[in-house]
Protein chains: 2
Amino acid sequence: MTAERLSKERLRLWLRMLRVTRQVESTLRERLRTEHDTTLPRFDVMAALYADGDGLKMNELSRRLRVSNGNVTGIIDRLVEDGCVERIAIEGDRRATRVCLTDAGRASFSKMAAEHERWINALFEGVAEEDAHHIGGLLHRLPTPLSDST
Amino acid sequence: MTAERLSKERLRLWLRMLRVTRQVESTLRERLRTEHDTTLPRFDVMAALYADGDGLKMNELSRRLRVSNGNVTGIIDRLVEDGCVERIAIEGDRRATRVCLTDAGRASFSKMAAEHERWINALFEGVAEEDAHHIGGLLHRLPTPLSDST
DNA sequence: TTTAAATTTTTTAAGCCTAAAGTATTTTTT
DNA sequence: AAAAAATACTTTAGGCTTAAAAAATTTAAA
């Protein structure tokens with residue numbers, strides 16, 4: 001009978017996580033659009049590239065972000081058009097390409113990232129450091145078939 | 001200086017929430033597709049309608065789910081095609097329509113919902129009841145400009 | 001009552017997203 | 001070396017998503 005309750009409690013937790021996540025994402029989306037004329041997927045891609053000095057293969061990018069490879073193709077196409085990113089041939093393997101931030105892309109992201117952190121800090125105002133730490137620890141050992149970094 | 005650390009910790013928490021949420025959503029998406037030939041957005045819409053006996057206006061549905069109104073139109077169109085949902089005229093206001101589950105839709109959702117709870121329960125196996133409760137409480141007073149129910 | 005404003009929904013254009021199929025290239029097997 | 005399998009990426013078709021504009025109707029104001 002307590003297993004039943006536990007199951008319901010976990011379901012409730014999931015629904016709340018989903019609600020909060022969507023709300024935060026929606027806020028970020030709007031601010032990125034109005035204040036930086038960009039989108040959340042673009043931001044995520046640039047963040048992954050920014051974190052990795054030498055850029056990433058399309059492959060690694062899609063695994064890192066947990067999105068399909070075809071998806072990444074489109075986002076990179078548009079980032080290239082905007083001059084934020086460039087595709088660089090990999091010597092020794094003509095199938096793969098490495099994707100890097102341009103100088104303009106790096107500068108642009110750096111500015112956005114600082115603001116992004118402030119937005120998050122404000123949105124999570126209700127969470128104290130010990131709570132953040134505690135929840136973070138729990139989440140860390142949750143569903144993560146692919147856990148790299150983060 | 002501790003404000004700096006707190007900010008970083010909140011950012012880290014957000015990134016983990018995002019990672020876990022995406023992973024869970026991705027799992028749900030795949031299972032709904034392979035085992036019930038449906039999608040997560042369809043499931044979400046049906047859940048909202050199932051919870052409310054008399055159905056909802058398009059209006060309420062989009063607010064409830066935190067998605068744009070135009071978005072709901074398309075999902076409902078497809079659910080109507082599949083015979084899961086019907087649009088019902090509202091007497092006294094020819095602008096609005098009420099959307100209801102059909103009997104088939106209700107039966108179909110009921111089956112999916114039971115499985116859905118089992119999936120979530122298994123995915124969140126690492127979370128004990130007291131933790132679920134604790135985190136749930138925290139999330140409850142987080143970014144929620146529109147908090148109804150849930 | 002006529003006009004103006006607000007409400008409810010749909011349409012449109014552009015981008016995001018996935019699964020599956022396709023193309024090119026490299027590696028492994030035979 | 002030739003065939004088969006694996007890898008890296010793009011393309012395609014269909015659905016999801018949003019913001020903004022449009023259409024229809026109702027409500028409020030003049």
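Convention: sequence-line order gives letters A, B, ...; per-chain numbering from 1. Source: prediction; values computed, not measured.
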Give the C-alpha distance, both sets of side-chain angles, the deciding distance and a yes or no for salt bridge (charged side-chain N to carboxylate O under 4.0 Å, His left out) between E60(B) and R98(B).
CA-CA 10 Å; E60(B) 300 170 321; R98(B) 200 160 47 88; over 6 Å; no
Below 4.0 angstrom from OP1 or OP2 of [N], is there any side-chain N or O of [X]?
| X | N | result |
| --- | --- | --- |
| T39(A) | dC16(C) | yes |
| R94(A) | dA24(C) | no |
| N71(A) | dC16(C) | no |
| N59(A) | dA8(D) | yes |

Strictly by Watson-Crick or wobble contacts shorter than 3.5 Å, is anything paired with dT30(C), and which nucleotide is it?
dA1(D)
Could you pull out the closest heavy-atom pair between L49(B) and V99(B), with the gap in Å?
CD2-O, 3.4 Å
Looking at [options], which one has an atom nearest to any side-chain atom of [X]?
| X | options | value |
| --- | --- | --- |
| T73(B) | dC9(D), dC16(D), dT10(C) | dT10(C) |
| S68(A) | dA8(D), dT9(C), dT18(C) | dT18(C) |
| D93(B) | dC9(D), dT26(D), dC16(C) | dT26(D) |
| R95(A) | dA8(D), dT10(D), dC17(C) | dA8(D) |
| N69(B) | dT18(C), dT9(C), dC16(C) | dT9(C) |
| K57(A) | dC9(D), dT26(D), dC16(D) | dC9(D) |

Measure from [atom1] on [X] to [atom2] on [N] and round the result to the nearest Å.
| X | N | atom1 | atom2 | result |
| --- | --- | --- | --- | --- |
| E91(B) | dT25(D) | CD | C1' | 16 Å |
| D77(B) | dT11(C) | CG | C1' | 11 Å |
| R42(A) | dA14(C) | CZ | P | 13 Å |
| L32(A) | dG15(C) | CG | P | 16 Å |
| I75(A) | dT11(D) | CD1 | P | 15 Å |
| R31(B) | dA19(C) | CZ | P | 14 Å |
| R22(B) | dC17(C) | CZ | C1' | 11 Å |
| L61(A) | dC9(D) | CG | C1' | 13 Å |

Using a strict 4.0 Å threshold on nitrogen-to-oxygen distance, state whether K8(A) and E117(B) make a salt bridge.
yes
Mind checking if L40(A) touches a base, just sugar-phosphate, or nothing, with heavy atoms under 4.0 Å?
nothing
Select base, sugar-phosphate, or nothing to describe what R87(A) touches, counting heavy atoms under 4.0 Å on all strands.
sugar-phosphate
Pick the closest DNA chain D nucleotide for R33(A) and for R78(B) by heavy atoms, then say which residue is nearer the 5' end.
R78(B)
Just say parallel, tilted or perpendicular for the rings of F43(A) and H116(A), cut-offs at 30° and 60°.
tilted
Residue pair L32(B) / T39(B), side-chain heavy-atom distance below 4.5 Å
no
Could you walk me through whether R87(A) and D77(A) pass the salt bridge (charged side-chain N to carboxylate O under 4.0 Å, His left out) check?
CA-CA 9 Å; R87(A) 283 186 169 95; D77(A) 284 350; 2.9 Å; yes
